[in-house]
Amino acid sequence: VHLAESGGGSAQAGRSLRLSCVASGSTYGKYCMGWFRQPPGKKREGVAHIGSYGKAIYADSVKGRFTVSQDNVKTTQYLQMDSLKPEDTAMYYCVAQWPCLPYTDHMGPEDEYNFWGRGTQVTVSP
């Protein structure tokens, strides 16, 4: 499956950005999808995951501020980022997983996601 992100850019702290990710390929719609990010000089970390029944899981650092969603046919996912903070500055990656793993409270590690987009940069200024 091919993943293509869009919507990154620059914003001031407290403002919002919305990322989109379009999935294409012969089995789209059967994947679980999510987002990772890699801040400058730091390790990549999970941000949000949306399971096969629409259950959303968030990293503690973004709970209450970010919202992950999908369209009805599950070919496009979104990450609505509100109340942005400078520490949200990172390269954001759209990810897909097949088969979907049954996470409950936390996302899995990055090696459990089979497909990755190329990333979109988000920069938040104070």
Side-chain angles (χ1 to χ4, degrees):
V1 66
H2 176 70
L3 303 174
E5 305 98 336
S6 62
S10 298
Q12 286 188 314
R15 304 302 290 264
S16 299
L17 284 173
R18 188 192 199 204
L19 305 183
S20 300
C21 174
V22 178
S24 58
S26 61
T27 56
Y28 60 79
K30 298 181 181 180
Y31 292 86
C32 286
M33 299 181 75
W35 295 89
F36 276 73
R37 69 184 181 185
Q38 186 165 20
K42 296 185 178 180
K43 286 185 173 182
R44 207 146 49 182
E45 59 186 14
V47 176
H49 170 97
I50 188 160
S52 52
Y53 296 103
K55 175 182 168 63
I57 298 172
Y58 298 96
D60 290 342
S61 58
V62 306
K63 278 181 185 175
R65 300 188 298 120
F66 289 13
T67 304
V68 64
S69 61
Q70 285 180 307
D71 66 1
N72 289 337
V73 293
K74 298 184 179 180
T75 58
T76 305
Q77 71 161 347
Y78 306 94
L79 185 67
Q80 178 67 39
M81 304 184 294
D82 298 322
S83 302
L84 284 163
K85 302 176 180 180
E87 50 263 44
D88 294 320
T89 294
M91 182 70 79
Y92 283 72
Y93 297 91
C94 175
V95 297
Q97 179 187 76
W98 179 255
C100 294
L101 298 179
Y103 304 133
T104 52
D105 299 319
H106 296 90
M107 292 176 65
E110 57 181 277
D111 61 2
E112 291 185 355
Y113 291 86
N114 322 69
F115 303 96
W116 290 71
R118 298 181 67 176
T120 185
Q121 178 68 37
V122 171
T123 302
V124 183
S125 57

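Everything numeric here is computed off the predicted structure, so don't read it as measured data.
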### Query
So how far is it from Y113 OH to L3 CG, rounded to the nearest 0.5 Å?
12.5 Å
### Task
Any chance you could measure M81, atom CE, to R65, atom CZ, to the nearest 0.5 Å?
9.5 Å
### Query
Is a side-chain donor-acceptor pair under 3.5 Å present for H49 with Y58?
no
Minimum heavy-atom distance [X]-[Y], with the two atoms named:
X	Y	value
S83	S16	N-OG, 4.3 Å
W98	N114	N-OD1, 2.8 Å
G9	L17	O-CD1, 3.9 Å
P86	A13	CD-CB, 4.0 Å

#### Entry: V22/T75 under side-chain contact (heavy atoms from CB on, under 4.5 Å): CA gap, chis, key distance, verdict
CA-CA 6 Å; V22 178; T75 58; 5.6 Å; no
Decide yes or no for [X] and [Y]: does some side-chain heavy atom of the first lie under 4.5 Å from some side-chain heavy atom of the second?
X	Y	result
V47	L79	yes
V1	Y31	yes
Y92	F36	no

#### Entry: Expected output: side-chain T89 to main-chain V124 donor-acceptor under 3.5 Å
yes
### Query
Counting only N and O atoms by type, is there a donor-acceptor contact under 3.5 Å from the side chain of T120 to the main-chain atoms of G8?
yes
In terms of side-chain geometry, is the basic nitrogen of [X] or [Y] positioned less than 4.0 Å from the acidic oxygen of its partner?
X	Y	answer
D60	K63	yes
E5	R118	no
D82	R15	no

Tabulate below the donor-acceptor pairs under 3.5 Å that side-chain atoms of residues 100-109 make, not counting sequence neighbours, or state none.
unit_1 : atom_1 : unit_2 : atom_2 : d
Y103   : OH     : Q97    : NE2    : 2.7
Y103   : OH     : E112   : OE1    : 2.5

### Query
Does NZ or CZ of R37 lie under 6.0 Å from the centre of the six-membered ring of Y93, at an angle within 45° of the ring axis?
no
### Message
Is the distance between the ring centroids of F66 and W35 under 6.0 Å?
### Response
no
### Task
Mind running side-chain contact (heavy atoms from CB on, under 4.5 Å) on Q38 and E45 for me, showing each step along the way?
CA-CA 6 Å; Q38 186 165 20; E45 59 186 14; over 6 Å; no
#### Entry: For Q77, the option from C32, C94, S69, S20 that meets side chain to side chain contact (heavy atoms under 4.5 Å, CB included)
C94
